[in-house]
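Each chain gets a letter, A, B and so on, in the order its sequence line appears, and its residues count up from 1.
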Number of protein chains: 2
Amino acid sequence: MTTTEDARDKVERKRRMPRAERERQMVAVAEEIFAERGYLAASMDEIAERCGVSKPMIYEYFGSKEGLLIACIRQARTELVNSISQSVVGAEEAEDALRRAARAFFEFTDGHRRAWSLLLINEAAVAGPAALDEIEAVRQEQVELDIALFSAFLPDTPRRDLEVAAQIVVGACERLSLWYVAQEDVSAEEAADYLMRMLWSGVAAMVHPRETPGDTRPHG
Amino acid sequence: MTTTEDARDKVERKRRMPRAERERQMVAVAEEIFAERGYLAASMDEIAERCGVSKPMIYEYFGSKEGLLIACIRQARTELVNSISQSVVGAEEAEDALRRAARAFFEFTDGHRRAWSLLLINEAAVAGPAALDEIEAVRQEQVELDIALFSAFLPDTPRRDLEVAAQIVVGACERLSLWYVAQEDVSAEEAADYLMRMLWSGVAAMVHPRETPGDTRPHG
DNA sequence: GGAAGTAACCTACTCGCGGTAAGGTTGACT
DNA sequence: AGTCAACCTTACCGCGAGTAGGTTACTTCC
């Protein structure tokens, strides 16, 4: 019969796909369902069904529910890193670079809420240690990025001071992003400005501790 | 038979307990198992067994696994709030109060790791929206505490500025606490000093924005 | 065109765990 | 002694993660 299928011309339903393409689709669908129902409430059967495929296919490609989550996290991480990396090219001093990076970060969290919710550790620890490690790796990457950024523009500063500054910046960004997406009248740029107003003087003071009045430094 | 039981004199095993006491025991055991295995891997049967009781008792008292988790979170929250509240009595200016609060916070996260791991949202979002709300309530309480602390010592500052400052402080504390417990040669006091060095000048500048050179405030 | 090989896919199952129904035991108070 | 309530148990259900084993369709080579 020439008409190989009957009503199957309906926008290419039930197509067979090569592995790479199917994997991409599965990750996209999973990201959506994880974000919408939460990791626990999301069922593998539902994800499979929305892919137009049966459950064992997902296990074939990703091994486990946690494996699928990790794939989603990895993708979100890549997107985030790309956004931030692109935002800092062209910056000529540390302050400018940090402001740009912060702005890109806030824009990302606002625009890619699904992806961001996966990175928020919210849905991770549930799945086992591997997913948690994956999330911590994302944060550590942020920290390293900040350290690189500081030390590139402001050398000869103790590693530990850089690390502390970076940890604080990352923590502040994370919390501030949650606050800012809840406010309707605050833009990513304003959020970044708030952050810089609060943090930059401290970063600068820590990084080259000169001419800081009323400075009560800890010990050494 | 006078010997009502045989080998039951072994440190009061299988005693009957009044509800309040049993509930306390269950929360203590659950906190331990949640922290040690993670929420998902922790089984209600195991918790029941370690309590020397059968599973339906837990459901009788806490309704669900999530309910038990929430009870644990509430208790950890109470302990944390008590620690911080006590630490700030006697402070006479905002800077001192914030430093004491930060120090108490770091000491708590180091000393009560089990309790703290529950508050770290790590184990929460898994359980459903209620547990997540419970965790967010803890953070919001921290934020309110900071706002109260700032505004008590430094009045006539826009509410929004206080809120931003508080969010940043909370985020920074959270991240810094994770960093500091991993370092063996950093005390809670030093961590608090780091925090103050990085943040205080920004907080002070935001709270009364005078004589801040190069100040590019956002918009209004 | 057809056999052979392989990549994509499915049906039908097991099993562990959260949650529950229905009933048993113990002690306090009359 | 009898009763009532609080404490506690055994024995089950259903759902969803994960799997064993077979089927379909596309490519390749003659």
> For B:Arg37 and C:dC17, what is the distance between atoms CZ and C1' respectively, to the nearest whole Å?
Replying inline: 15 Å

> Rounded to whole angstroms, how far apart are CZ on B:Arg16 and P on C:dA28?
Replying inline: 11 Å

> Is the shortest side-chain N/O distance from B:Arg22 to OP1 or OP2 of D:dC8 below 4.0 Å?
Replying inline: yes

>> Please report the distance, rounded to the nearest Å, between CG in B:Leu69 and C1' in C:dG18.
In response: 14 Å

> Does A:Arg175 pair with B:Glu136 as a salt bridge, N-O distance under 4.0 Å?
Replying inline: yes

> How close or far is atom P of D:dA6 from atom CD of B:Glu21, stated in whole angstroms?
Replying inline: 17 Å

> What string of B, S and - do you get for nucleotides 9-16 of chain D, 5' to 3', if B is base contact, S is sugar-phosphate-only contact and - is no contact with any protein heavy atom under 4.0 Å?
Replying inline: BB------

>> Check this one for me: any side-chain N or O of B:Arg19 less than 4.0 Å away from OP1 or OP2 of D:dC8?
In response: no

>> Does B:Tyr61 reach a base, just sugar-phosphate, or nothing at all? Heavy atoms under 4.0 Å.
In response: sugar-phosphate

> What's the closest nucleotide to the A:Tyr59 side chain, out of D:dA17, C:dA8, C:dG19?
Replying inline: D:dA17

> Could you state the CD-C1' distance from A:Glu49 to C:dC9, rounded to the nearest angstrom?
Replying inline: 16 Å

> Could you give the CD1-to-P distance, from B:Ile58 to C:dG18, as a whole number of Å?
Replying inline: 10 Å

>> Regarding B:Glu21 and B:Arg15, does a basic nitrogen lie under 4.0 Å from an acidic carboxylate oxygen?
In response: yes

> So how far is it from B:Arg100 CZ to B:Met196 CE, rounded to the nearest 0.5 Å?
Replying inline: 12.0 Å

> Could you give the CG-to-P distance, from B:Leu68 to C:dG19, as a whole number of Å?
Replying inline: 10 Å

> Any idea how A:Phe34 and A:Tyr39 line up, ring-wise: parallel (<30°), tilted (30 to 60°), or perpendicular (>60°)?
Replying inline: tilted

> Please give, in whole Å, the distance from D:dA17 P to A:Glu60 CD?
Replying inline: 18 Å

